[in-house]
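Scope of the values below: all heavy atoms of this structure, side chains included, with no hydrogens, waters or symmetry mates.
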Amino acid sequence: MTTTTRPAEASGQFAIGGDLTVNRLGYGTMQLTGEGVWGDPRDPEEAVRVLRRAVELGVDFIDTADSYGPFVAELLIRKALRPYADDLVIATKAGFTRQGPGIWTPVGRPEYLRQQVELSLRHLGVERIDLLQLHRIDPAVPVADQVGELALMQREGKIRHIGLSEVSVEDVEEAGRSATIVSVQNLYNLAHRDAEPLLEYSEANGIAFIPWFPLATGKLAAEGGPLAAAAKEHGATPSQLALAWLLRRSPVMLPIPGTSSVAHLEDNVAAATVQLSDDEFNALTRGA
């Protein structure tokens, strides 16, 4: 593992939608809120420091959502980073309602999605959202109505690009009949790879794949396991190796590890400088 002042730049780059080029190791803001992703953080000033430090470390892709707090994470981003750097890409989401800590209910009615996008524009303090992701497809509303409303707002200049979260290949293809889908965000990590078909589809079609919960390692981190052995060899942590594996797995992979601690953030971003050998990568791939 090498040392650099902007380690995120070592993760390589990807152009979301063909025109938003970002360093592939980003930052996710869900952990900046209170317990149960509800309310304000215990230490709001540390949350601001985390966001500012992420940018200092070369992170130029920040993932958030209207439902984180709700709106707490978006307001923290505005407080910490506005006026925004020209190369900073902020992705947010709409489509989940919150009724309390740990409670998430999808709502995809067009009028609701429009309301939430308008609120995100205000809370972030931007005229256009770089990447608006449908947080969940609402099964009670036709996909064409949900994605179609986002496409309408895209034509109005309020959204630059559209993505989806926790979907299948079939969902992406159906949504693609209403708008160009440039990103997907699904659960994926060393220990959970059910979204492998979606990752392969994304790679074949130039779609950004944003894995949430990227640090899970399962049994690989056990003493004597391949992850623990590789981490020791690199002088790194198992979490850093898990992120390095994701970055190596596909050129469309954009991991967004989240944390509410500056120290943990620095450890996560340093993972971008870890270079796995072919043998190490294959051992980790086989070992899960």
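- Under the 4.5 Å side-chain heavy-atom criterion for ILVMFWY residues, a single connected hydrophobic cluster contains both I162 and V252.
- The hydrophobic clustering, which links ILVMFWY residues whose side-chain heavy atoms are closer than 4.5 Å, places W212 and L25 apart.
- Residue E196 qualifies as enclosed at atom CD: its count of foreign heavy atoms under 6.0 Å is above 12.
- Residues passing the salt bridge (Lys or Arg N to Asp or Glu O under 4.0 Å) test with R53 are E56, E266, sequence neighbours excluded.
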| task | Output, in order, the C-alpha distance, side-chain angles, deciding distance and verdict of side chain to side chain contact (heavy atoms under 4.5 Å, CB included) for R248 and D278. | result | CA-CA 10 Å; R248 173 73 183 273; D278 291 344; 2.5 Å; yes
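- The same ILVMFWY cluster, assembled from side-chain heavy atoms under 4.5 Å apart, contains both V169 and V143.
- Side-chain polar atoms of E46 and S261 form no donor-acceptor pair below 3.5 angstrom.
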| field | T64 and L76: CA distance, side-chain angles, deciding distance, side chain to side chain contact (heavy atoms under 4.5 Å, CB included) verdict | value | CA-CA 10 Å; T64 191; L76 284 167; over 6 Å; no
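- For the atom pair CD1 of I129 and CD1 of I159, the computed distance is 6.0 Å after rounding to the nearest 0.5 Å.
- Within a 6.0 Å sphere centred on CG of D19, other residues, nucleotides and ligands contribute more than 12 heavy atoms.
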| query | What's the verdict on salt bridge (charged side-chain N to carboxylate O under 4.0 Å, His left out) for D60 and R24, showing C-alpha distance, side-chain angles and the deciding distance? | reply | CA-CA 9 Å; D60 56 11; R24 291 201 296 129; over 6 Å; no
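- Applying the side chain to side chain contact (heavy atoms under 4.5 Å, CB included) criterion to N205, with sequence neighbours excluded, gives Y201, I207.
- For L119, the side chain to side chain contact (heavy atoms under 4.5 Å, CB included) criterion is met by F71, Q115, Q116, R122, H123, not counting sequence neighbours.
- In this structure, Y27 has its ring center at least 6.0 angstrom away from the ring center of F61.
- Using a 4.5 Å cut-off between side-chain heavy atoms of Ile, Leu, Val, Met, Phe, Trp and Tyr, with links allowed through other members, M30 and I77 fall into different hydrophobic clusters.
- In this structure, the separation between NZ on K93 and OH on Y68 is 3.0 Å, given to the nearest 0.5 Å.
- The side chain to side chain contact (heavy atoms under 4.5 Å, CB included) search around W38 returns P70, R98, P101, not counting sequence neighbours.
- Salt bridge status for R42 with E35: absent, with no side-chain N to carboxylate O gap under 4.0 Å.
- Side-chain polar atoms of T97 and Q99 form a donor-acceptor pair below 3.5 angstrom.
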| task | Give the intermediate values and the outcome of side chain to side chain donor-acceptor pair (under 3.5 Å) for residues N189 and H192. | result | CA-CA 5 Å; N189 51 54; H192 303 92; 3.0 Å; yes
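- Residues S168 and D171 have side chains that bring a donor and an acceptor to within less than 3.5 angstrom of each other.
- Contact check for T92 versus L132: side-chain heavy atoms found under the 4.5 Å cut-off.
- Sequence neighbours left out, the pairs with a member in residues 82-117 that pass ring pair (Phe, Tyr, Trp, His ring centres under 6.0 Å) are F96-W104, F96-H135.
- Taken from CD in E200 to CG in L198, the straight-line distance is 10.0 Å, to the nearest 0.5 Å.
- In this view, S178 and A144, V147 satisfy the side chain to side chain contact (heavy atoms under 4.5 Å, CB included) rule, not counting sequence neighbours.
- Atom CG of L227 sits about 5.5 Å away from atom CG of L284, to the nearest 0.5 Å.
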